[in-house]
Trainee: 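Take this structure first; my questions come after.
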Amino acid sequence: MPTSYDIPEVLDRREGPYGEVVLRRQGELLQIIANGCFLMDTSDGRSERMLVDAALDALDDRPAPHVLIGGLGVGFSLAHAAANPRWGRITVVEREPAIVDWHRTGPLSALSAEALADPRTKILETDLVGFVNETCATFDALCLDIDNGPDWTVTEGNGGLYARAGLTSCARVLKPGGVLAVWSAKPSAEFEGSLANAGFQQVRTEEIPVARGVPDVVHLAVRPG
């Protein structure tokens with residue numbers, strides 16, 4: 001864990017298609033910063049792993065389900081999915097080439113190398129919002145960890161993912177009975193209402209316990225069928 005005298009060290013800084021992205025090290029932690037805004041670090045990972053587990057638990061017993069993970073981040077969700085043999089295929093959509101590079105050949109490979117080598121894993125370097133709007137592929141589960149959740153997006157365009165049109169696109173790419181799981185830095189009753197209004201069923205929110213402050217949550221919903 002970082003201490004008060006740990007000064008963040010910039011390991012890489014790049015101009016990506018959506019602005020500046022930075023990989024920093026502070027003590028033992030690796031941190032991703034986007035346009036000056038802290039996104040995530042390697043300090044915990046409980047909520048990212050719960051995102052994947054909650055989606056799988058909400059699915060029926062269909063064999064070898066195909067999961068789409070929206071946002072590679074520091075790799076917790078991917079690594080956790082790849083560690084579970086029940087997932088049939090694992091597709092990850094990440095729009096920042098720098099983040100993909102940091103996993104393939106950089107410091108984040110320590111977290112994700114085994115998962116990236118898994119034959120079930122496929123990485124798509126593209127924008128998630130555009131992908132769910134345009135793809136013909138379908139999935140059994142969508143596990144989305146984009147920005148900081150429905151109520152706090154770093155990139156303005158990502159807000160469309162959580163609006164009615166974006167949720168309709170998510171439902172379109174889900175197979176009947178498929179599960180949508182959305183990570184958020186805080187609970188959102190408004191987003192629960194948006195999920196219900198978009199036609200999803202079994203809408204609920206699971207919280208990740210924290211010692212103090214607002215808990216991270218996973219919003220869950222099921223496409224009818």
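All residue numbers refer to positions in the sequence shown, counting from 1.
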Trainee: Identify the two heavy atoms, one from A115 and one from A79, that lie closest to each other, and give their separation to 0.1 Å.
Mentor: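 Looking at all heavy atoms of both residues, the closest pair is CB-CA, 3.9 Å.
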Trainee: Other residues, nucleotides and ligands only: do more than 12 of their heavy atoms fall within 6.0 Å of CD on E114?
Mentor: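 Open.
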Trainee: Determine the minimum heavy-atom distance between E206 and A54, stating which atoms define it.
Mentor: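 For E206 and A54, the tightest heavy-atom pair comes out as OE1-CB, 4.1 Å.
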Trainee: Could you check D118 against W87 for side chain to side chain contact (heavy atoms under 4.5 Å, CB included), going step by step and ending with a plain yes or no?
Mentor: CA-CA 12 Å; D118 192 305; W87 290 114; over 6 Å; no
Trainee: Any donor-acceptor pair under 3.5 Å linking the side chain of S77 with the backbone of E48?
Mentor: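 Such a contact is found between S77 side chain and E48 backbone.
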Trainee: With a 3.5 Å distance limit and no angle check, can you tell me whether R46 reaches the backbone of P209 through a side-chain donor-acceptor pair?
Mentor: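 Pair found, side chain donor or acceptor close to backbone of P209.
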Trainee: Provide the closest heavy-atom pair for I208 versus P215 in the form atom of the first, atom of the second, distance.
Mentor: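 It is O-CB, 3.3 Å.
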Trainee: Starting at CD of E9, measure out to CD of Q31 and round the result to the nearest 0.5 Å.
Mentor: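 That separation rounds to 11.0 Å.
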Trainee: Would you check if Y162 and S194 make a side-chain contact, meaning some heavy-atom pair closer than 4.5 Å?
Mentor: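 Not in contact.
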Trainee: Step by step, would you call L128 with L68 a side chain to side chain contact (heavy atoms under 4.5 Å, CB included)?
Mentor: CA-CA 10 Å; L128 179 66; L68 171 69; 4.2 Å; yes
Trainee: Write down the atom of P65, the atom of D140, and the distance for their closest heavy-atom approach.
Mentor: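 Taking every non-hydrogen atom into account, CA-OD2, 3.2 Å.
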Trainee: What distance do L51 atom CG and C143 atom SG have between them, rounded to the nearest 0.5 Å?
Mentor: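 So the gap between those two atoms works out to 4.5 Å.
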Trainee: Linking I/L/V/M/F/W/Y whenever any side-chain heavy atoms sit under 4.5 Å apart, do F139 and L124 land together?
Mentor: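 Yes, one cluster joins them.
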Trainee: So, for L220 and A181, which heavy atoms are closest and what is the spacing to 0.1 Å?
Mentor: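 In terms of heavy atoms, the two residues are closest at CD2-CB, 3.6 Å.
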Trainee: Mark yes or no for whether S109, through its side chain, and G106, through its backbone, hold a donor-acceptor pair below 3.5 Å.
Mentor: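 Answer holds: yes.
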Trainee: Distance-only, no hydrogens or angles: does the R223 side chain make a donor-acceptor pair with backbone N or O of L174 under 3.5 Å?
Mentor: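 A pair under 3.5 Å: yes.
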Trainee: Rounded to the nearest 0.5 Å, how far does CZ of R89 lie from CZ of R120?
Mentor: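 Reported to 0.5 Å precision, the distance equals 12.0 Å.
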Trainee: Are E94 and R104 close enough for a salt bridge, meaning some N to O gap below 4.0 Å?
Mentor: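 Looking at E94 and R104, the cut-off is not met.
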Trainee: Do you reckon V52 sits in the same ILVMFWY cluster as L116, going by side-chain contacts under 4.5 Å, direct or chained?
Mentor: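 V52 and L116: one cluster.
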Trainee: Less than 4.5 Å apart, any side-chain heavy atom of L167 and any of L180?
Mentor: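 A side-chain contact exists here, since the closest heavy-atom pair is under 4.5 Å.
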Trainee: So R14 and D101, do their side chains get closer than 4.5 Å, heavy atoms only?
Mentor: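 The answer is yes, as the side chains (C-beta and beyond) meet within the 4.5 Å cut-off.
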Trainee: Measuring from atom CG of L108 to atom CG of L23, what distance do you get when rounded to the nearest 0.5 angstrom?
Mentor: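 It comes to 5.5 Å.
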Trainee: List the atom of F76, the atom of G45, and the distance in Å for their closest heavy-atom pair.
Mentor: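 Smallest interatomic distance, heavy atoms only, reads CD1-CA, 3.4 Å.
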Trainee: Apply side chain to side chain contact (heavy atoms under 4.5 Å, CB included) to the pair V22 and V10, showing each step before the final yes or no.
Mentor: CA-CA 7 Å; V22 177; V10 173; 3.9 Å; yes
Trainee: Mind telling me whether F191 and H219 have parallel, tilted or perpendicular rings, with 30° and 60° as the class edges?
Mentor: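 Ring orientation, 0 to 90° scale: perpendicular.
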Trainee: Does any part of the side chain of D127, heavy atoms only, come nearer than 4.5 Å to the side chain of P17, both counted from C-beta?
Mentor: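 A side-chain contact is absent here, since even the closest heavy-atom pair is not under 4.5 Å.
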Trainee: Nearest 0.5 Å, please: how far is CD1 in I32 from CD in E96?
Mentor: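 The CD atom of E96 sits 9.5 Å away from the CD1 atom of I32.
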Trainee: Hydrophobic cluster membership, with links at side-chain heavy-atom distances under 4.5 Å among I/L/V/M/F/W/Y: are V217 and V214 in one?
Mentor: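 No; V214 is not reachable from V217 via cluster members.
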Trainee: For a 4.5 angstrom cut-off between non-hydrogen side-chain atoms, does C170 reach L161?
Mentor: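 Yes; the side chains approach each other to less than 4.5 Å.
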Trainee: At what distance, to the nearest 0.5 angstrom, does CG of L72 lie from CD of E125?
Mentor: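 One finds 9.5 Å between CG of L72 and CD of E125.
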